[in-house]
Structure formats: structure tokens, C-alpha cells
Amino acid sequence: MGSNSGQPIYSTRAHVFQIDPSTKKNWMPTSKHAVTVSYFYDSTRNVYRIISLDGSKAIINSTITPNMTFTKTSHKFGQWADSRANTVYGLGFSSEHHLAKFAEKFAEYKEAARMAKEKSLEKMELASSPSQESPADIHSPLTPPVTADLCRINGTGDDVTLSDVSPNSMLQSDLSPTTPTLAHSPTTNKHWEAELAALKSNNAKLTAALLESTANVKQWKQQLAAYQEEAERLHKRVSELESQSSQTNVIKSQKTELNQTIEELECTLKAKEEEMVRLKEQVENAKQLQTQKDELTKKLEDTDLRNKELEEQLADLEQRLESSQVDQENLRKNLKTLLEILDGKIFELTELRDNLAKLIEDS
């Protein structure tokens with residue numbers, strides 16, 4: 001494993017998802033296509049991270065903790081819950097091999113994170129032990145042996161209270177055997193007063209150390225309770241996710257049906273749009289035809305009027321023709337009569353000529 005936090009120690013490509021924060025059931029894609037997902041080791045904080053960038057945007061920034069669990073929900077899909085980010089990440093891989101490799105690395109770095117945490121806790125315990133025991137190392141030869149009592153108090157935090165080991169009670173119990181000697185010698189009195197002052201100082205330091213260790217024990221108990229509560233919550237979450245993963249096939253089939261329905265609706269919508277365009281064209285054509293119809297109707301009305309005028313003129317002409325024919329018939333009859341009269345006159349003139357010729361011959 002590399003120790004440089006700027007370089008990935010393992011990388012792969014996958015489609016990234018996050019759980020919907022509103023429903024806590026549906027997956028929301030955070031990348032439009034497969035992106036690089038990498039493991040990093042932060043040497044300054046001694047932690048392992050999973051980081052993925054989509055362009056310049058960080059879509060995954062998850063610190064691996066010993067409580068995390070990477071779950072394979074299908075042949076190509078896996079997920080894990082991040083309580084710090086308050087979300088669940090999901091990764092869709094191109095093959096089962098890539099998923100198995102990512103899960104293997106997750107387990108490896110999770111174990112490394114657990115060991116790093118244990119070492120950190122050991123260092124904290126070693127660092128806190130001298131601070132709790134150092135005041136006992138500076139007592140004078142006449143200091144009473146109270147270190148074991150303090151260790152017992154610090155170890156449990158519930159055996160005794162501070163009032164049980166107050167400085168006055170400890171000094172009274174330790175000085176009571178030597179009280180008769182204090183009254184016999186001024187030098188001894190000064191010596192014992194100095195020892196008393198040193199004891200008071202040491203007891204004050206011991207009391208402060210006791211308070212600090214008691215506070216540390218309470219803090220550690222609170223942290224332990226918080227860790228246990230978080231572990232229970234994560235176990236419940238894992239149970240919920242496992243129950244949800246059993247519904248994955250049903251959800252996938254429903255998703256497939258919905259996608260087919262959406263495709264059918266899109267095709268129907270496209271057909272409707274094409275039909276609307278066609279109907280709009282027909283409406284435009286109908287408007288043009290209506291305009292042409294109005295123009296033709298007007299022309300037809302004008303033609304009807306013209307026809308009526310022509311019919312009237314034709315009737316007048318027919319009437320005139322009929323009267324003209326009557327006149328012609330009358331004229332023909334008159335001419336025939338005149339011809340007959342003329343023929344009679346010509347015949348008479350011919351007879352008259354013949355008679356005149358005979359007369360001339362006879363004379």
C-alpha cells in the first residue's frame with residue numbers, strides 16, 4: 001500500500017449512485033457515465049478514503065471505518081452506507097470480476113483502518129497513563145500509599161467518590177500516629193509542617209488527576225455508548241438494505257416494464273405530433289380551399305347573373321326572330337301573290353302582243 005495521499009492506491013471504473021434522501025429506497029445516478037473510483041491513503045490522518053470525481057465535482061468522498069460493510073446486491077452492483085455523509089453509495093460495474101476486486105480491496109482497507117484505530121487507541125492509553133500516575137511519583141518518603149486506591153478509583157469510576165479520599169481525611173489518617181512527636185521538638189514541628197505542606201500539594205495534584213481520570217472514564221463511556229448505538233443503527237440499516245435487495249429483481253422488472261411503457265408512450269406521442277402537423281397542414285389547405293370556394297361562389301353568382309341577362313337577351317332575340325319569320329312568311333306570301341299577279345299580267349301582255357302582231361300582219 002502506498003503512503004502518498006495524493007496518489008490512488010487502487011482505481012477502477014463504475015457507474016455511481018446515491019440513495020434518494022427523501023424515500024431512502026430509490027437509487028439516483030450521480031454520474032451520466034462510468035467514472036473513475038479510487039482508494040486513497042491519507043497518511044496525515046492515518047485513514048483510507050474512497051474518492052470519485054465527475055469532472056471537478058466530488059461525487060464520492062467516503063472515509064472507510066471498521067464499522068462499514070460493502071454488500072454485493074447483484075453480480076455487478078455493490079453498496080455501502082456512510083454514516084458521516086448520511087447516505088448510501090452504490091456502484092455498478094461492467095463485470096463481476098471488477099466488483100469482486102473492489103470488494104476485496106474494501107475488506108483489505110477496512111481491516112487496515114481497524115488496525116490503525118486500535119494502534120491509535122493504544123497510543124492514547126499510553127499517553128494518558130503517565131499523566132494519571134505521575135503525581136504519585138513525586139511524593140515524599142512520608143507520603144501515604146494512596147496510589148493503589150487512586151488506581152482502583154480510576155479503574156472503575158464507581159467504587160468511591162472524591163469525598164471518600166479528600167486530602168484532609170488522608171492527612172489525618174497518615175499523621176495520627178506521629179502527632180505526639182510533633183509537640184516535643186520545634187525543629188521536628190517545622191519538618192512536619194514542611195512535610196504537611198508537601199502532602200497537601202501532592203494530595204491536591206492527586207485530586208486533580210483523579211478528577212481528570214474520572215472525566216476521561218466518563219467520556220470514554222459516552223463514546224463507547226455512541227459507538228454501540230451507531231453499530232446498532234448500522235446493523236438495522238444493513239438489515240433494511242438486505243430486505244430491499246431481495247426486491248431488486250421485482251424493481252428491475254417493474255423498471256423494464258416502465259421503460260417499455262415510456263418508449264411506447266414516446267412513440268405514441270411522436271405519432272400524435274406528426275398527426276397534429278398533418279392536421280395543421282390540412283387546416284391550412286382547408287382555409288385555402290375555403291378562400292377558393294368563396295371566390296368561385298362569387299364568380300358563379302356573377303355567371304348566374306350574366307346567364308340570366310343572356311337568357312333574357314336570347315328570349316328577346318327569339319321573339320324578334322319569330323316576329324321576323326312571320327314577317328318573312330307574310331312577305332313571301334305577298335311576293336307569291338305578286339308573282340302570280342305578275343305572271344297573269346305577263347300572260348295578258350303576251351296575248352296582247354300576239355294579238356297586236358296579228359293585227360299588224362293582217363293589216
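Below, all heavy atoms of this structure are taken into account, side chains as well, without hydrogens, waters or symmetry copies.
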Report yes if the side chains of [X] and [Y] come closer than 4.5 Å at any heavy-atom pair, otherwise no.
| X | Y | answer |
| --- | --- | --- |
| Ser83 | Arg237 | no |
| Thr36 | Ser11 | yes |
| Val16 | Ile60 | yes |
| Gln18 | Val88 | no |
| Thr65 | Arg114 | no |
| Thr350 | Arg353 | no |
| Gln325 | Glu329 | no |
| Lys72 | Leu99 | yes |

Can you list everything that forms a ring pair (Phe, Tyr, Trp, His ring centres under 6.0 Å) with Phe102? Sequence neighbours excluded, please. Tyr39, Phe70, Phe93
Is atom [atom1] of [X] surrounded by more than 12 heavy atoms (other residues, nucleotides or ligands) closer than 6.0 Å?
| X | atom1 | value |
| --- | --- | --- |
| Lys119 | NZ | no |
| Glu351 | CD | yes |
| Gln319 | CD | no |

Give me the atom names and distance for the closest heavy-atom approach of [X] to [Y].
| X | Y | value |
| --- | --- | --- |
| Val47 | Tyr41 | O-CD1, 3.4 Å |
| Tyr89 | Ile59 | CE2-O, 3.7 Å |
| Lys76 | Glu96 | CG-N, 4.2 Å |
| Ser38 | Pro8 | CB-CB, 3.7 Å |
| Ala34 | Arg13 | O-NH2, 2.5 Å |

Output the distance between atom [atom1] ([X]) and atom [atom2] ([Y]), rounded to the nearest 0.5 Å.
| X | Y | atom1 | atom2 | value |
| --- | --- | --- | --- | --- |
| Leu335 | Asn330 | CG | CG | 11.0 Å |
| Ile50 | Thr63 | CD1 | OG1 | 9.5 Å |
| Asn285 | Leu279 | CG | CG | 11.5 Å |
| Thr337 | Arg332 | OG1 | CZ | 10.0 Å |
| Leu265 | Leu258 | CG | CG | 10.0 Å |
| Glu257 | Thr261 | CD | OG1 | 7.0 Å |

Does His33 offer a backbone N or O that forms a donor-acceptor pair with the side chain of Ser31 under 3.5 Å? yes
Using modelled atom types only, decide if a donor and an acceptor are shared between the side chain of Thr297 and the backbone of Lys293 within a distance under 3.5 Å. yes
Derivation and outcome, side-chain contact (heavy atoms from CB on, under 4.5 Å), residues Lys110 and Thr69: CA-CA 9 Å; Lys110 172 185 172 182; Thr69 302; 4.0 Å; yes
Starting from the C-alpha separation in whole Å, work towards a yes-or-no answer on side-chain contact (heavy atoms from CB on, under 4.5 Å) for Ser62 and Met68. CA-CA 10 Å; Ser62 179; Met68 283 186 178; 3.7 Å; yes
Common cluster, Leu359/Leu352, ILVMFWY with side-chain heavy-atom separation under 4.5 Å: yes
Hydrophobic cluster identity match, Leu241 and Phe17, side-chain contacts under 4.5 Å: yes
Here the salt bridge (Lys or Arg N to Asp or Glu O under 4.0 Å) pairs for residues 44-69, sequence neighbours left out, are Asp42-Arg49
Can Gln290 and Asp294 be counted as having a side-chain donor-acceptor contact under 3.5 angstrom? yes
Run Val37 and Leu91 through side-chain contact (heavy atoms from CB on, under 4.5 Å) and show every step you take. CA-CA 9 Å; Val37 182; Leu91 296 179; 4.2 Å; yes
Give the C-alpha distance, both sets of side-chain angles, the deciding distance and a yes or no for salt bridge (charged side-chain N to carboxylate O under 4.0 Å, His left out) between Arg306 and Glu309. CA-CA 5 Å; Arg306 181 64 178 167; Glu309 291 177 357; 3.5 Å; yes
Hey, mind stepping through Arg320 and Asp316 against salt bridge (charged side-chain N to carboxylate O under 4.0 Å, His left out) and telling me if it holds? CA-CA 6 Å; Arg320 289 180 181 181; Asp316 185 38; 3.3 Å; yes
For Trp27 and Phe77, take the angle between the two ring planes, folded into 0 to 90°, and tell me which bin it lands in: parallel under 30, tilted 30 to 60, perpendicular over 60. perpendicular
On the 0 to 90° scale, with breaks at 30° and 60°, tag the Trp80-Phe106 ring pair as parallel, tilted or perpendicular. tilted
Set out, in order, the CA-CA distance, both residues' side-chain angles and the distance that settles salt bridge (charged side-chain N to carboxylate O under 4.0 Å, His left out) for Lys105 and Glu108, then state yes or no. CA-CA 5 Å; Lys105 292 295 182 181; Glu108 177 183 349; 3.8 Å; yes
Between Glu273 and Val277, does the side-chain contact (heavy atoms from CB on, under 4.5 Å) criterion hold? Intermediate values first, please. CA-CA 6 Å; Glu273 289 177 351; Val277 172; 5.6 Å; no
